[in-house]
Amino acid sequence: MVEELLTAVVAAGVGVAVYMGAAARVVKQYERGLVFRFGRLREEIRPPGFTVIVPVIDRLRKVNMQIVTLPVPAQEGITRDNVTVRVDAVVYFKVVDPANAVVAVEDYRFAVSQMAQTSLRSIIGKSDLDDLLSNREMLNQGLELMIDSPAVGWGVQIDRVEIKDVSLPETMKRSMARQAEADRERRARVINADAELQASHKLAEAAEVMSEQPAALQLRLLHTVVAVAAEKNSTLVLPFPVELLRFLERAAPPPPAASM
């Protein structure tokens, strides 16, 4: 009798252990659990931690709630100004409604990926090349809105969309390089012309001052001679001003009178 009782207790213990092994589940901190009973979704969403389901009858589906980084393959398209480009991007999204993410769409990752590729091609066709190169922030916002609109019904929230790179044909790169070089040359010529204009104003003021004081012109001449002579690599021809010759002529003594 005692042996039969012990056998029954052991059998019951083994049965409970087997049942608990089949019914026990662990939901991680970044996951949420959905229970399907006979194929119908239970309203209760299992939080992180230890949970129990009914074996055979229930099936637990775990949904990852972490932010997903989804690279969008490079899409080739023609911009509004008829330039062929290849653009790739990256999408950051997360699941906010586990029930809709599992029930409303077959594979929410694949759905977001396809929507991102379609929206990226649409953005390329609606934008100019200059916008793709310099105004990416506005394009990122427009791309985010285009992806987020259908994703709301899938229980997915789009956190951020970034355009990574814009690839241009080699001919377009050379054309842009020539354009940039021509623009730099134009700015250099404008700066040089402005410098010449300012220098001409200063020279006109200096000429006006020298015209009032002739001695200033002589001092400027001597200063130029000193600057040229400092190089010691050229022959210097020093002209004498006429005023100096006249001064020496007036300072010379008169010649003696001839005797009769």
Side-chain angles (χ1 to χ4, degrees), residues 1-75 87-124 139-165:
M1 185 67 181
V2 176
E3 294 180 357
E4 294 178 356
L5 181 60
L6 291 176
T7 303
V9 170
V10 171
V14 172
V16 171
V18 172
Y19 177 84
M20 291 302 298
R25 296 290 186 274
V26 175
V27 180
K28 297 180 181 179
Q29 181 65 37
Y30 54 85
E31 294 176 337
R32 297 296 182 270
L34 301 177
V35 177
F36 290 87
R37 179 165 295 176
F38 293 113
R40 294 179 61 88
L41 177 65
R42 305 285 294 177
E43 295 183 359
E44 180 186 1
I45 298 178
R46 302 298 173 90
F50 180 79
T51 186
V52 177
I53 62 174
V54 179
V56 181
I57 298 177
D58 292 344
R59 185 173 63 87
L60 181 66
R61 172 76 178 271
K62 300 177 182 179
V63 180
N64 193 325
M65 305 294 290
Q66 293 176 309
I67 295 178
V68 180
T69 303
L70 179 66
V72 181
Q75 302 296 312
V87 182
D88 57 351
V90 59
V91 180
Y92 301 91
F93 70 93
K94 63 180 178 181
V95 176
V96 293
D97 189 347
N100 282 339
V102 173
V103 177
V105 61
E106 180 181 3
D107 186 349
Y108 65 88
R109 289 174 179 262
F110 181 75
V112 172
S113 175
Q114 294 301 309
M115 179 57 63
Q117 295 179 39
T118 304
S119 301
L120 184 57
R121 286 194 296 269
S122 178
I123 283 291
I124 293 174
L139 297 180
N140 292 337
Q141 295 176 1
L143 189 58
E144 181 178 347
L145 290 176
M146 294 178 66
I147 302 175
D148 191 59
S149 297
V152 173
W154 303 336
V156 176
Q157 177 183 344
I158 306 299
D159 280 356
R160 191 172 182 84
V161 181
E162 292 284 348
I163 294 177
K164 293 171 57 179
D165 188 26

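Note that the numbering runs from 1 along the sequence shown for the chain. Excluded from the calculations below are hydrogen atoms, water molecules and symmetry mates; all remaining heavy atoms, backbone and side chain alike, are included.
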Under 3.5 Å, which donor-acceptor pairs link side chains of residues 91-105 to any protein atom two or more places apart or in another chain?
| from | atom 1 | to | atom 2 | distance (Å) |
| --- | --- | --- | --- | --- |
| D97 | OD1 | A99 | N | 3.3 |
| D97 | OD2 | N100 | ND2 | 2.8 |

4.5 Å side-chain heavy-atom contact, L70 and V112: yes

Passing option when L139 is tested against V87, L120, I123 for side-chain contact (heavy atoms from CB on, under 4.5 Å): I123

Side chain to side chain donor-acceptor pair (under 3.5 Å) against D88, all qualifying residues, sequence neighbours excluded: none

Counterpart residues, salt bridge (charged side-chain N to carboxylate O under 4.0 Å, His left out), relative to R121 (two or more places apart): none

Of all pairs that satisfy salt bridge (Lys or Arg N to Asp or Glu O under 4.0 Å), the ones with a partner from residues 141-159, not counting sequence neighbours: none

Non-neighbouring partners of Q66 that pass side chain to side chain donor-acceptor pair (under 3.5 Å), sequence neighbours left out: N64

Lys/Arg-Asp/Glu bridge criterion (N-O < 4.0 Å) met for R160, E162: yes

Which residues share a side chain to side chain contact (heavy atoms under 4.5 Å, CB included) with P71, sequence neighbours left out: none

Residue pairs, two or more places apart or on separate chains, that pass side chain to side chain donor-acceptor pair (under 3.5 Å) and touch residues 102-115: S113-Q117

Quiz: residues 40-48 side-chain donor-acceptor pairs under 3.5 angstrom, not counting sequence neighbours:
| from | atom 1 | to | atom 2 | distance (Å) |
| --- | --- | --- | --- | --- |
| R46 | NH1 | T51 | OG1 | 2.6 |
| R46 | NH1 | V52 | O | 2.9 |

Residues that S122 engages under side chain to side chain contact (heavy atoms under 4.5 Å, CB included), provided they are two or more places apart: K126, M146

By side chain to side chain donor-acceptor pair (under 3.5 Å) - contacts of Q141 (at least two apart): none

Nearest-0.5 Å distance, OG of residue S119 to CD1 of residue I147: 5.0 Å

Pairs touching residues 55-69 that satisfy salt bridge (Lys or Arg N to Asp or Glu O under 4.0 Å), sequence neighbours left out: R37-D58

